Student: 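I am attaching a structure below and will ask some questions about it afterwards.
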Amino acid sequence: MPPRYALIDCNNFYASCERLFRPDLRDRPVVVLSNNDGCVIARSAEAKALGIPMGTPYFKCRGLLRRHGVTVFSSNYALYGDMSARVMGVLARFCPAVAVYSIDEAFADLTGVPGGADAFSRRLKATVEAWTGIPISIGIGPTKTLAKLANRLAKGHPRLRGVFDFAASPDPDRLLRHTPIDAVWGIGRRHAARLVRYGVGDALAFRDMDPVWVRRKMSVTGLHTLLELRGQPCHTLADGPAARKTIVSSRSFGRPVSSLEDLREATALHMVRAAEKLRRLRAVAACVHVFLRTNPFRPGLPQHNDSASVPLAVATAHTPTLIRAAHAGLERIHKEGFEFKKCGIMLSGLEPVNGRWLSLLDLPPQDTPTHVPTMQIVDDLNARWGRDTVTFAAVGRPDAAWHMRRDMRSPRYTTAWTELPVARA
DNA sequence: TCTGGGGTCCTAGGACCC
DNA sequence: TCTGGGGTCCTAGGACCC
């Protein structure tokens with residue numbers, strides 16, 4: 001039996017989350033902005049119909065949004081993350097095998113499900129929607145690439161009611177011919193433009209290209225896409241997110257920053273977040289990277305982009321040690337006289353905490369084993385009483401001017417006791 | 001005034017070694 | 001005059017994904 005992959009994803013996920021606790025916004029245009037209220041990253045169907053493009057800078061479409069009475073939200077990742085976990089929980093409960101692919105998508109292996117993939121998927125869709133309130137679409141195919149393509153069709157044709165099985169089509173070539181090349185999973189803007197120049201404008205034409213040419217010009221990843229369109233699986237379910245190799249934390253500033261003092265605070269805050277994630281993964285990091293950026297949209301201003309890497313003597317998840325390393329790197333790359341727009345840190349050389357190599361001779365004094373319980377206590381307090389109940393002085397004041405803007409954030413309805421929705425009698 | 005953030009994989013080319 | 005060849009490791013840059 002050929003494999004039956006499903007790609008299950010949430011419709012307009014962030015916008016759908018925002019509407020969950022705002023029934024007054026049902027059937028209304030809603031958009032969600034990126035961090036710092038920078039650009040539009042999610043739109044309800046009604047907002048899409050108004051012609052608001054994905055990724056538009058907010059300041060460029062503010063007038064249009066206001067004219068059409070669009071409700072605008074800053075991003076609320078506490079809410080989206082929690083709703084995502086609920087949706088994924090339902091999928092895990094009913095599907096034989098699931099691989100979470102992103103905050104709003106998962107692949108599942110539906111090979112051999114009782115009653116067939118289509119009927120199973122319709123029941124699954126109804127259950128997710130009833131239990132979480134988040135609408136989803138499901139595409140099914142013999143490969144992940146075709147499941148993605150089927151998902152796109154399920155969304156585009158209301159007649160299909162949100163579920164489509166590519167293998168059920170009497171004329172699959174026609175479906176491929178009507179799929180533009182840049183809508184194929186794995187073909188990005190650059191390759192799409194190039195293929196169009198060669199006269200390859202849709203998925204069918206790409207499928208029938210010479211694999212040798214594709215391998216040479218688009219590397220093995222392009223070849224895999226081609227083969228998957230032919231129904232030959234190159235990606236298995238387990239292929240998804242393997243063991244993480246890096247952790248990044250970075251943000252644009254709410255306003256430009258120049259002083260080393262502010263940059264030290266911002267860097268420390270990024271490191272606090274990254275180290276929390278590191279410990280949640282039960283991992284330690286062997287190397288710290290720091291980077292600084294000026295504003296690329298202001299080429300008239302003096303530009304300075306740089307990064308520094310600081311290897312650690314011993315891989316660790318100890319926040320103060322990691323902050324010290326980041327600050328050492330920062331001092332190497334900071335220069336006076338620039339308006340910085342963004343900074344960030346990256347942790348690399350991740351390894352599981354249990355498999356960790358330890359040399360007693362090389363152990364720096366600040367990384368003695370007694371600090372592991374210290375970090376454990378900090379994490380436990382913050383889990384019990386809320387984020388940043390206990391934090392580090394190096395991060396500075398929470399009201400510092402450089403923090404990101406998010407003036408239109410909705411309440412954290414499902415994750416903060418103080419922000420629960422209130423029902424009136 | 002105002003343009004997101006976090007990841008992965010692949011390849012080419014240089015450094016280095018024998 | 002003349003200046004190997006092959007393997008490995010690392011990094012930067014490109015391309016893609018959400």
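Reminder, nothing fancy here: chain letters follow the sequence lines and each chain counts from 1. Everything numeric in this text was worked out from a predicted model, so none of it was measured. The basis for the numbers below is simple: all heavy atoms, side chains too, and nothing from hydrogens, waters or symmetry mates.
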Student: Side-chain donor-acceptor pairs under 3.5 Å in residues 339-347 of chain A, sequence neighbours left out?
Tutor:
none

Student: With ring-ring contact (aromatic ring centres under 6.0 Å, His included) as the rule and sequence neighbours excluded, what pairs involving residues 193-222 of chain A come up?
Tutor: A:Tyr198-A:Trp213
Student: Please identify each residue that fulfils side-chain contact (heavy atoms from CB on, under 4.5 Å) with A:Arg122, with sequence neighbours left out.
Tutor: A:Asp118, A:Arg161, A:Val163
Student: Stem finding on DNA chain C, please: runs of three or more consecutive Watson-Crick or G-U wobble pairs, both distances under 3.5 Å, sorted by first number.
Tutor: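 Listed by first number, the stems are B:5-18 with C:5-18.
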Student: Mind jotting down which residue pairs meet the ring-ring contact (aromatic ring centres under 6.0 Å, His included) criterion with at least one end in residues 120-152 of chain A? Sequence neighbours excluded, please.
Tutor: A:Phe94-A:Trp131
Student: In chain order, what residues pass the side-chain contact (heavy atoms from CB on, under 4.5 Å) check against A:Pro172, with sequence neighbours excluded?
Tutor: A:Phe166, A:Ser169
Student: Name the orientation class of the two ring planes belonging to A:Trp185 and A:Tyr101 (parallel below 30°, tilted from 30 to 60°, perpendicular beyond 60°).
Tutor: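 It falls in the perpendicular class, over 60°.
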Student: Between A:Asp173 and A:Arg207, is the closest basic N to carboxylate O distance under 4.0 Å?
Tutor: yes
Student: Any salt bridge (Lys or Arg N to Asp or Glu O under 4.0 Å) involving residues 82-100 of chain A? Give me the pairs, sequence neighbours left out, ordered by first then second residue.
Tutor: A:Asp82-A:Arg86
Student: Could you identify which residues of residues 327-350 of chain A place a heavy atom less than 4.0 Å from some atom of DNA chain B, listed by residue number, or say none?
Tutor: A:Lys341, A:Lys342
Student: With A:Asp399, which residues qualify under side-chain contact (heavy atoms from CB on, under 4.5 Å), at least two apart?
Tutor: A:Arg397
Student: Only pairs under 3.5 Å count here: list side-chain donor-acceptor contacts from residues 38-59 of chain A, not counting sequence neighbours, and write none if there are none.
Tutor:
| from | atom 1 | to | atom 2 | distance (Å) |
| --- | --- | --- | --- | --- |
| A:Arg43 | NH1 | A:Ile52 | O | 2.8 |
| A:Ser44 | OG | A:Arg28 | O | 3.3 |
| A:Ser44 | OG | A:Val30 | N | 3.0 |
| A:Ser44 | OG | A:Glu46 | OE1 | 2.9 |
| A:Ser44 | OG | A:Ala47 | N | 3.4 |
| A:Glu46 | OE1 | A:Arg19 | NH1 | 3.1 |
| A:Lys48 | NZ | A:Asn12 | OD1 | 2.7 |
| A:Thr56 | OG1 | A:Pro53 | O | 2.5 |

Student: Under a criterion of less than 4.0 angstrom to any heavy atom of chain A, what are the 5'-terminal and 3'-terminal contacting nucleotides of DNA chain C?
Tutor: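 Both ends considered, the range comes out as C:dA15 to C:dC18.
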Student: Tell me which residues in residues 209-220 of chain A put a heavy atom below 4.0 Å from DNA chain B, sorted by number, or none.
Tutor: A:Arg215, A:Ser219, A:Val220
